[in-house]
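Take a look at the structure below.
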Amino acid sequence: MPPPVTGKQRAARIPLDYYKKSDLLGRWKTVLGWAALLAPSLWLGVGFGMSGQGDFHASRGPVSSVHQIWDASCSTCHTNFTPISSNAFQVPLILGDAKDSSNKCRTCHAGPDHFKGQPDDRTCASCHREHRGPDASLISLQDSDCTQCHRNIKAHGAKEFNIDVTHFAKSAHPEFRSIKTDPGKLKFNHQQHLRAGQPKIGKDGQTGGALKFLKDLPKQHQERYRSQQANKADDAPVQLQCASCHQLDSGDFGVTSERAKEFPFGITGNRSGGSYMQPILYENQCQACHPLTLDHKVAGDKKSDEFAVPHRLQPKEIHDLLENFFTARFARGQAGFLEKKVVRPLPGKLPGLLDRTIGTEITKEVRLAENSLYQAKLGCANCHYFDGKNAVEPIKMGEVPDLYVTPTNVPSVWYKHAKFNHTAHRAVNCKDCHANAETSTSASAVMIPNMDNCVKCHAPKAGHVGGARHNCTECHQYHHGEQSLQGVGAARRNPGKLHKIDDFLLIK
Ligand code: HEC
Ligand code: HEC
Ligand code: HEC
Ligand code: HEC
Ligand code: HEC
Ligand code: HEC
Ligand code: HEC
Ligand code: HEC
Ligand code: HEC
Ligand code: HEC
């Protein structure tokens, strides 16, 4: 058993001045302590001293390619000691207000409001995220950027569009409101026009009436219609296709610039996007079979040239033209009429050239022509409503018709609050989306598809359905203000002030 260690012996092991000298461990502690303080300061100092504004030690990732010019000049977008995004943690009393950053963006972009009277509570940077590399998109956004408001839309000041939306599916997104009714005021029957020869179709499905044959068409229109159908013989009934009347606004369906000349009013060349169909124009789509010609034989006039009533005039304007036309005809019928000397009338008196009976005859002819234009199914009334009404009172002798053609108002864009693009869907048959186009007998029937159609493809992939993108920005704009289709168009992109090139490069 070893002898016990006394307290004295133990005390002798510790030098009395131990606290005055540093040992090896202590020295290392001090050195490392200082090093730990100095190294980062040096690192920070050198980093900030070099060009690149701190990129050396805190890579924030390059900005997107559109903003590369200003990649190194942070203050183009940032305000010192101020968060840039309203999504960031904010201490507004100490740091600056994140909303200021939006004004920096506005030096170059308008970034118009999302809806009229939108409160200023979202910074641009809360949706347009930077520093994700030159190839990252600034505008391809998650649904959550939209549903942060749209899942509880009333809390965000919605008045008209107050239905909550969480994702694109039947249960979570409203039915399309713009296609409830057809605002158009043009008479038209798709079913009849898509049958060969456009026969009248009775309630029992029986067809009747005279057929329209290729040879009936005026010469200048014949080739265009002939080229569209399989049977090209002169006595073949005219067979129309969707493309006979509906052309994409990119001049599609194989209509070359050469063929485009066959359309009396021309069609746009391959310049626009091809999203929507070009508007229906009487001259392009209807005139070949529905000419507006009058041929009233007039006593004495041997020439029987037809009078083509110019289209798009109002009955009052046509009245004057008809008077001139029949006056000229009667004039031609009177032997030597044109050679008669014009006697300069005394002031206040008209030249007594036309005697009253001819005057009455002219008035009669004008009235006859007007009644056939506005009353009979063959004239303007075939396609138009007058003052919103279908039937027109007979026009009385000597009366200038007080009628107005109701604006046709056929929409060329149906979804006022969403985008659509026919070219993106070109591989799909027209009739699969416009199912009733071949059977519709009235122009007031809406043939634009509803959600049931879209969700067949625009949904998450499940078995053999779905798979096409279905995020909000696929179909919607954000910066549309009151015009939901316009988006940030060229005009609406304008910043408040224009820059000189050198200033533009140096915006800080
Ligand atoms: C083109 C505009 C633009 C330029 C130039 C730019 N940034 Fe940014 N920066 C942004 C945007 C937008 C965000 C927000 C990104 C997000 O929330 O995902 C951001 C975020 C940041 C953040 C995160 C903190 C915060 O405020 O949200 C840092 C740090 C940062 N930037 C540093 C820099 C530095 C340093 C530079 C210059 C070398 C720079 N940025 C240049 C647009 C820019
Ligand atoms: C110094 C001028 C300038 C500033 C400041 C600026 N941008 Fe840009 N930005 C541009 C230019 C130039 C383009 C490319 C032309 C275009 O698409 O309009 C562009 C493009 C964009 C685009 C379109 C990207 C695309 O893929 O189409 C978005 C979104 C955008 N900027 C957002 C912002 C945001 C958000 C800010 C503020 C954080 C900002 N910009 C600040 C000049 C600027
Ligand atoms: C709620 C999200 C959101 C906010 C906030 C937001 N944007 Fe946008 N921005 C979008 C979306 C989505 C698009 C693409 C669709 C479109 O054009 O509307 C876009 C497009 C843009 C474009 C490109 C337009 C184009 O057609 O190429 C610019 C520039 C732009 N935004 C600037 C801004 C500016 C400036 C602000 C702030 C004043 C801002 N944005 C705020 C969502 C947002
Ligand atoms: C700050 C909240 C907020 C955000 C973020 C937001 N919205 Fe809205 N949005 C509204 C409000 C509020 C209305 C309704 C306005 C009204 O009723 O007058 C609205 C209306 C709409 C409408 C219908 C009206 C129209 O003019 O087209 C669509 C579509 C729409 N938003 C799509 C989007 C999309 C897509 C996004 C994401 C890029 C988005 N919203 C982000 C608040 C927001
Ligand atoms: C003789 C010309 C003509 C032909 C051929 C024709 N259309 Fe139309 N289409 C019109 C006219 C005129 C309108 C506008 C009046 C209306 O709303 O019916 C119209 C309107 C439409 C509309 C939108 C209006 C609505 O009420 O929904 C769709 C969709 C449409 N047509 C699809 C088709 C399809 C699909 C075909 C081929 C199967 C076709 N059309 C063939 C002349 C034609
Ligand atoms: C290929 C020849 C052809 C073309 C092109 C054509 N139609 Fe017709 N349309 C006919 C024929 C044939 C009839 C039946 C006989 C008649 O009423 O003259 C008819 C009848 C009509 C009717 C009366 C329908 C009814 O219920 O009695 C209207 C309205 C009409 N067409 C409008 C139009 C419009 C609008 C266009 C241009 C978008 C057009 N048509 C283009 C051949 C055509
Ligand atoms: C075969 C059908 C058809 C006949 C017949 C017809 N129109 Fe039209 N009309 C149209 C179509 C289609 C439009 C719309 C597109 C356009 O302007 O060409 C139109 C447009 C108009 C407009 C412009 C309306 C607006 O939207 O503001 C006027 C005015 C007009 N027609 C007058 C007449 C008159 C007057 C007659 C008779 C002399 C007549 N039309 C005969 C088919 C017809
Ligand atoms: C994937 C479905 C789909 C297919 C395929 C399709 N359409 Fe459409 N069509 C639509 C939708 C949706 C609209 C409404 C878009 C809008 O005006 O906002 C529309 C609108 C129209 C209109 C009204 C005017 C316009 O452009 O908005 C006409 C006419 C039309 N389509 C004809 C056709 C013809 C002809 C074809 C075949 C070449 C066709 N569509 C193929 C979905 C489709
Ligand atoms: C047969 C499948 C199918 C149907 C039905 C369909 N789409 Fe699409 N749509 C597509 C595909 C595929 C694309 C292109 C790829 C993508 O965006 O994922 C597309 C693209 C789009 C685009 C973007 C076009 C662009 O390039 O800007 C819009 C907007 C759109 N669809 C709206 C609709 C609407 C609205 C409906 C319903 C009326 C509809 N689609 C019905 C398959 C379909
Ligand atoms: C495949 C295309 C498509 C997608 C994806 C889509 N929408 Fe829509 N949305 C539409 C169409 C089409 C309308 C009807 C527009 C009209 O009637 O003018 C509409 C209407 C709306 C409206 C107006 C509602 C009302 O009260 O009438 C809002 C808000 C809206 N969408 C928000 C969203 C949001 C948020 C998302 C993403 C979660 C989204 N949409 C995704 C096509 C789409």
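Fair warning: this is a prediction, and the values are worked out from it, not measured in the lab. Positions are given from 1, in the same order as the sequence printed here. Indexing begins at 1, ligand by ligand and atom by atom, following the structure's order.
Here the shortest heavy-atom pairing between Ser372 and Leu294 reads OG-CD2, 4.1 Å.
Around the NZ atom of Lys364, the shell of radius 6.0 Å holds no more than 12 heavy atoms that belong to other residues, nucleotides or ligands. In this structure, Phe161 places its CZ atom where more than 12 heavy-atom neighbours from other residues, nucleotides or ligands lie under 6.0 Å away.
Using a 4.0 Å cut-off to heavy atoms of Cys124, the atoms of ligand 2 that qualify are 35 (C). The distance from ligand 7 to the heavy atoms of Cys286 drops below 4.0 Å at these ligand atoms: 1 (C). Atoms of ligand 2 found under 4.0 Å from any heavy atom of Thr76, numbered from 1 in the order shown, are 1 (C), 5 (C). Counting the atoms of ligand 2 from 1 in the order shown, those under 4.0 Å from a heavy atom of Ile139 are 27 (O), 29 (C). Near Thr473, the atoms of ligand 3 lying under 4.0 angstrom from a non-hydrogen atom of the residue are 12 (C). Every atom of ligand 2 is numbered from 1 in the order shown, and the set under 4.0 Å from a heavy atom of Lys104 is 5 (C).
Nearest protein heavy-atom neighbour of atom 11 (C) of ligand 7: Leu186 CD1, 3.8 Å. Looking only at heavy atoms of the protein, atom 35 (C) of ligand 7 is closest to Leu313 O, 3.1 Å. Atom 15 (C) of ligand 7 has as its closest protein heavy atom Ile280 O, 3.2 Å. Counting protein heavy atoms only, atom 25 (C) of ligand 7 is closest to Pro407 CA, 3.6 Å.
Ordered by chain and number, His311 NE2, His384 NE2 make up the set of protein N, O or S atoms under 2.8 Å of atom 8 (Fe) of ligand 7.
For Trp70, no nitrogen or oxygen atom sits less than 3.5 Å from a nitrogen or oxygen atom of ligand 2, counting backbone and side chain alike. Between Tyr478 and ligand 3, an N or O atom pair is found at a separation short of 3.5 Å.
Counting heavy atoms under 4.0 Å from ligand 3, residue His128 touches it through the side chain alone. With a 4.0 Å heavy-atom cut-off, ligand 3 is reached by no atom of His114.
Side-chain contact check for Glu474 and His458: no donor-acceptor pair (N or O, by modelled atom type) lies under 3.5 Å. No side-chain donor from either of Gln285 and Ser244 sits under 3.5 Å from a side-chain acceptor of the other.
Between Glu160 and Lys116 there is no salt bridge, since none of the side-chain N atoms of the basic residue sits less than 4.0 Å from a carboxylate O of the acidic one.
Closest heavy-atom approach to atom 3 (C) of ligand 2 within the set Cys77, Cys108, Ser102: this belongs to Cys108. Across the listed options Thr107, Val66, Asp113, Leu141, Leu141 owns the non-hydrogen atom lying nearest to atom 42 (C) of ligand 3. Counting heavy atoms only, Gln314 comes closest to atom 29 (C) of ligand 7 of the residues Lys185, Gln314, Glu283. Comparing heavy-atom distances from atom 38 (C) of ligand 2 across Ser137, Cys105, Ser73 singles out Cys105 as nearest. Among Leu138, Ile507, Asp503, the residue whose heavy atom lies closest to atom 22 (C) of ligand 2 is Leu138. Among Lys419, His479, Gln142, Lys99, the residue whose heavy atom sits closest to atom 39 (C) of ligand 3 is His479. Closest to atom 1 (C) of ligand 3 by heavy atom, among Ser86, Cys127, Pro112, is Cys127.
Exactly one of His476, His470, His173 qualifies for a ring pair (Phe, Tyr, Trp, His ring centres under 6.0 Å) with Phe168. That residue is His173.
Using 4.0 Å as the threshold, Thr123 has a heavy atom nearer than that to some atom of ligand 3.
Counting backbone and side-chain atoms alike, His109 contributes an N/O/S atom closer than 2.8 Å to atom 8 (Fe) of ligand 2.
In this structure, Thr79 OG1 and Lys99 NZ are separated by 14.0 Å, a value rounded to the nearest 0.5 Å.
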